[in-house]
Amino acid sequence: MKFNTKVIHGGQHHDPSTGAVMPPVYQTSTFVQTSPGKPLNENYEYSRAANPTRSALENAFASIENGTRGLAFSSGLAATDCVLRSFKAGDEIIAMDDLYGGTYRMFTRIYGNSGIKFHFVDMNDLEKFQSLINENTKLVWVETPTNPLMKLADIEAIAKITKKHNLLFAVDNTFATPYLQKPLDLGADIVMHSATKYLGGHSDVIAGALIVKDEKLGEQLHFQQFATGATLGPMDSFLVLRGIKTLHLRMQRHCENGEKVAAFLENHPKIKTVYYPGLKSHPFHELAKKQMKGFGGMVSFTFTSGKKEDAVSFLEKLEVFTLAESLGGVESLANHPALMTHASIPEDKRKEIGISDDLVRLSVGVEDIDDLLADLEKALS
Ligand SMILES: *Cc1c(COP(=O)(O)O)cnc(C)c1O
């Protein structure tokens, strides 16, 4: 099955009891047993372990990422947390040095405090990365493209190294989505998503996903999820499943609009640097062409003046773009990383990785491009 068919039919079947084309929202906590320990349907006993609406979504997750097992969580961070629970004090984790703020906060302030050692490194420096691997190293965590600086990491090259050293390799695929990039096919072991973003696509649900190819690893992660409880409810599962059905259509338009917004900004005298992997000027343009099918809808940029006030006043003037955290919905959003999404990263660390006070991040939506460009032009002048 091709990807555009998988988003609609992958892992799905009609409801066996009624023939309903869409899976019903099975809003139930428990399931009847005909005799003690003998559930009427062997797959369902209690909704923390499994729920049919969530199963339908999990099958869709597995299908679109070319995995064998998908798991749906109550948030993206809950999905990440489930992976991190496999490790103990003394273990070491190597992570990309440009991460979603909440991921960095969990790594350093929750798991860092319980004795797991984290190394944050530029994953494009493969020699430096390899020099950090020792017998305690267990996991490599990568986000590509990164948030908000749109740095890329070469998944295939990293996977060669993690395989050699027998390390788990997880990729946060939230920004690219499987429409643009399939980490499991490139050698990663785990794909993580904030399904709150592009997979859900309509800014109406908080949800997360893990997808794996290895069935044993899938079982282990499902046990961790079942034993700790951060599952996605039936209604939210239904919403994400519905979102996925138009993922290919939305991503196509996000890419078209993203490219046009990036080109407009790059030619604007008030803009200094535009971070968008589709631009020839982007340091990872060649890798993006190799690893991704398109360049997505996320665009970040700084001002020629370098002034925070200019970024703030620009953001206040936008009308079609909404000033809000989050990304990946049909509507265009604008964000000031230093004051909003990345405020949890200490200022000196932000400076070090290049999140300056005049940096603005756009999640370019699927509106008419003329209205988006006119809004940017007006807010800049
Ligand atoms: C939003 C986001 C997360 C966290 O997901 P939640 O659903 O908000 O918990 C993780 N990684 C990336 C890249 C994100 O954008």
Side-chain angles (χ1 to χ4, degrees), residues 57 61 65 70-85 93 95-111 120 123 139 141-153 155 170-181 183 188 190-211 225 228-233 236-237 239-240 243-244 247 251 254 258 275 277 292 296-300 324-329 333-337 340-345 353 355 359 361-365:
L57 172 63
F61 282 158
E65 284 284 6
L71 295 169
F73 291 83
S74 53
S75 71
L77 286 183
T80 302
D81 182 60
C82 181
V83 176
L84 272 282
R85 279 173 191 279
I93 293 173
M96 184 99 172
D97 64 354
D98 185 13
L99 290 179
Y100 175 70
T103 305
Y104 181 79
R105 181 175 52 207
M106 185 197 301
F107 286 4
T108 54
R109 290 175 59 186
I110 305 290
Y111 287 98
F120 296 97
M123 285 290 173
L139 172 74
W141 187 277
V142 164
E143 214 176 295
T144 179
T146 64
N147 178 9
L149 292 172
M150 309 304 293
K151 275 162 71 174
L152 269 66
I155 298 173
V171 175
D172 181 337
N173 204 27
T174 300
F175 267 39
T177 84
Y179 177 78
L180 298 178
Q181 151 181 300
I190 303 175
V191 166
M192 173 265 161
H193 275 278
S194 170
T196 312
K197 316 294 168 54
Y198 287 106
L199 296 188
H202 295 75
S203 307
D204 51 9
V205 63
I206 299 280
L210 292 179
I211 301 112
Q225 181 189 37
T228 57
T231 55
L232 192 65
D236 288 349
S237 296
L239 286 173
V240 176
I244 287 175
L247 179 66
M251 287 309 292
H254 282 299
Y275 301 90
M292 300 166 70
M298 299 301 299
V299 184
S300 298
E325 296 199 3
S326 200
L327 59 104
L333 299 180
N335 164 50
H336 189 279
M340 294 166 65
T341 44
H342 291 65
S344 59
I345 299 178
I353 57 186
I355 303 177
L359 182 74
R361 185 192 78 188
L362 302 177
S363 171
V364 181

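Just follow the structure's listing: the first ligand is 1, and inside any ligand the first atom is 1.
One distance of note links OG1 of Thr228 with CZ of Phe73; it measures 7.5 Å at 0.5 Å rounding. A distance of 7.0 Å separates CG in Leu139 from CZ in Phe107, rounded to the nearest 0.5 Å.
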So what's ligand 1 close to, N/O to N/O, under 3.5 Å?
residue	atom	partner	partner atom	Å
ligand 1	5 (O)	Ser194	OG	3.0
ligand 1	7 (O)	Gly76	N	2.9
ligand 1	7 (O)	Ser194	OG	2.8
ligand 1	7 (O)	Thr196	OG1	2.7
ligand 1	9 (O)	Gly76	N	3.0
ligand 1	9 (O)	Leu77	N	2.9
ligand 1	11 (N)	Asp172	OD2	2.7
ligand 1	15 (O)	Lys197	NZ	2.7

Open item on the list: side-chain contact (heavy atoms from CB on, under 4.5 Å) for Thr103 and Leu77? Distances and angles first, verdict last.
Closed with: CA-CA 7 Å; Thr103 305; Leu77 286 183; 4.1 Å; yes
- [ ] Report the C-alpha separation of Met340 and Arg361 in whole Å, then their side-chain angles, then the decisive distance to 0.1 Å, and conclude whether the side-chain contact (heavy atoms from CB on, under 4.5 Å) test is met.
- [x] CA-CA 10 Å; Met340 294 166 65; Arg361 185 192 78 188; over 6 Å; no
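The side-chain contact (heavy atoms from CB on, under 4.5 Å) with Phe120 is formed by just one residue from the set Asp98, Ile353, Thr108; it is Thr108.
Checked against the 6.0 Å centroid criterion, the rings of Tyr198 and Tyr179 do not qualify as a close aromatic pair.
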